[in-house]
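What follows is one structure encoded as structure tokens, with my remarks underneath.
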Amino acid sequence: MNPPDTTPDLADRLLAWYDRHRRRLPWRAELGEAPDPYRVWLSEIMLQQTTVAAVAPYFTRFLERWPTVADLAGAPLQDVLTEWAGLGYYARARNLHACARMVVQEHGGRFPDSAEALATLPGIGAYTAGAIAAIAFNRRSAAVDGNAERVLARLMDLREPLPQIKARLRARAAEMVPEGRPGDFAQALMDLGATVCAPTSPRCMVCPWAEPCRGRAAGDPETLPVKAPPRAKPLRRGIAFWAMREDGALLLRRRPERGLLGGMAEVPSTEWRKEAWTAQEALAAAPFTAEWRALPGGVAHVFTHFRLELALLAARAPQDVQPDEGYWCPVERLGEEPLPSLMRKVVEHGLKGARA
């Protein structure tokens, strides 16, 4: 028979554990310190689909450069995109900037303090709104991220695939949120999933919920949550044009503001499509007429919904060449450009191939 669980007891157990084992994170208020809504919001946006280890240095740099939401709202979007480059999911950066501006222009520089109001801001969905409301304003609001989903699925021993049980997990979390410490409860649940109830080899012996955990009682908590089989990602192909001027400047261009990698810088390329590009098609799409040569190898990258393979064509450009679109960037200043991870791979491959 599965062990019973009671909501108050679960919250008490978790909070007692959290008081002893809470993680120290750059955006988390210390004991006795009031949370900063700006830090909470900034970290929650950055942590969407990204790990704590990856986010920490970005968070520190953002905070040093823009210590308040008003500072961030006043920054040029391109500067924000440049600082974000490498963190991925670039729509988050555009929404971050838009949200900061809305908070300043429509809310007097103060974040709304309810999940309902927070959810009306750009880039803030149901989970993020709940997390900010709980952590920054101590509102009784559930925040169920991927870590919390894993913990709760094991606690409840739910065997249906994860997409089907999300509503049940959120409802169970909402039941457990205590009146007095909702922010601590939200962070405790995140910490439990990150440090104890891990995806593999969960440390059940030190878990505060080991006794009432039904997945543990069943003997196979590591198999939970059940995930639907992943869909095969289609492959797209493209040609990137590695054009260097005689003075060592590289041809770049801006992507459209809307859409994938919106507003970021890129090495000019063809469209990305299912069919392979012929040499004739590639040359017709080149930014200017030149003796283009193929660089050995290529660049592979995986997006959320598809895989991409880019081949590179390289050419030397005379000093007076003016492409129809784009701009010349000295190689030593590439670090100042908002280059996404894909284009950093292209730059690395292009520099290596140009030296060969």
Side-chain angles (χ1 to χ4, degrees), residues 10-11 14 17-18 21-23 25-28 40-56 58-59 87-92 95-96 115 118-119 123-136 141-177 182-204 207-209 213-216 220-231 233 302-305:
L10 286 171
L14 182 60
W17 172 85
Y18 179 70
H21 302 289
R22 68 195 302 272
R23 290 181 295 175
L25 300 172
W27 46 84
R28 181 174 288 177
V40 174
W41 162 75
L42 181 59
S43 67
E44 287 297 333
I45 300 300
M46 288 185 167
L47 286 165
Q48 292 170 0
Q49 299 176 293
T50 312
T51 65
V52 166
V55 164
Y58 285 87
F59 177 85
L87 197 54
Y89 300 96
Y90 295 96
R92 293 182 299 164
N95 284 331
L96 185 85
L118 286 162
I124 299 183
Y127 160 74
T128 305
I132 297 171
I135 299 169
S141 181
V144 183
D145 66 353
N147 282 326
E149 286 178 343
R150 180 171 60 256
V151 172
L152 295 170
R154 291 172 178 176
L155 177 71
M156 301 167 68
D157 192 30
L158 298 183
R159 302 282 164 167
E160 298 89 347
L162 186 57
Q164 301 174 24
I165 62 173
K166 283 181 177 286
R168 292 177 64 187
L169 298 176
R170 287 194 296 269
R172 186 68 182 102
E175 292 173 358
M176 288 191 286
V177 178
D184 285 345
F185 181 85
Q187 294 174 104
L189 197 53
M190 297 172 191
D191 282 10
L192 186 65
T195 64
V196 174
C197 195
T200 60
S201 302
R203 300 166 57 217
C204 297
C207 179
W209 284 354
C213 180
R214 296 178 177 180
R216 178 175 180 264
D220 58 351
E222 193 167 336
T223 65
L224 301 175
V226 177
K227 296 183 179 179
R231 296 181 179 179
K233 294 184 178 183
V302 179
F303 290 98
T304 305
H305 300 297

Under 3.5 Å: donor-acceptor pair, side chain of [X], backbone of [Y]:
| X | Y | result |
| --- | --- | --- |
| R150 | G193 | yes |
| R170 | A142 | no |
| T50 | Q48 | yes |

Can you confirm whether [X] sits close enough to [Y] that some side-chain heavy atom of one is under 4.5 Å from a side-chain heavy atom of the other?
| X | Y | result |
| --- | --- | --- |
| W209 | V196 | no |
| W41 | L118 | no |
| L224 | M156 | no |
| T195 | H21 | no |
| D191 | R28 | yes |
| E222 | T200 | yes |
| C204 | C213 | no |
| T128 | I45 | yes |

Do you know which two heavy atoms are closest between [X] and [Y], and how far apart they sit?
| X | Y | answer |
| --- | --- | --- |
| A198 | R154 | O-NH1, 2.8 Å |
| A56 | P26 | CB-CG, 4.3 Å |
| L87 | A54 | CD1-O, 4.1 Å |
| A129 | A115 | CB-O, 3.4 Å |
| L14 | P208 | CD1-CG, 4.3 Å |
| L162 | P225 | CD1-CB, 4.0 Å |

Check: N95/R92 side-chain N/O donor and acceptor closer than 3.5 Å: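 No, R92 and N95 have no side-chain donor paired with an acceptor closer than 3.5 Å.
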From [X] [atom1] over to [Y] [atom2], what is the distance, rounded to the nearest 0.5 angstrom?
| X | Y | atom1 | atom2 | result |
| --- | --- | --- | --- | --- |
| L42 | L47 | CG | CG | 9.0 Å |
| E44 | I135 | CD | CD1 | 5.0 Å |
| L10 | R172 | CG | CZ | 6.0 Å |
| I165 | E149 | CD1 | CD | 7.5 Å |
| Y18 | D184 | OH | CG | 5.0 Å |
| D157 | L152 | CG | CG | 13.0 Å |

Audit row: C207, L192, side-chain contact (heavy atoms from CB on, under 4.5 Å) steps and yes/no: CA-CA 8 Å; C207 179; L192 186 65; 4.1 Å; yes
Aromatic plane relationship, F59 with W27 - under 30° parallel, 30 to 60° tilted, over 60° perpendicular: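 W27 vs F59 ring planes: perpendicular.
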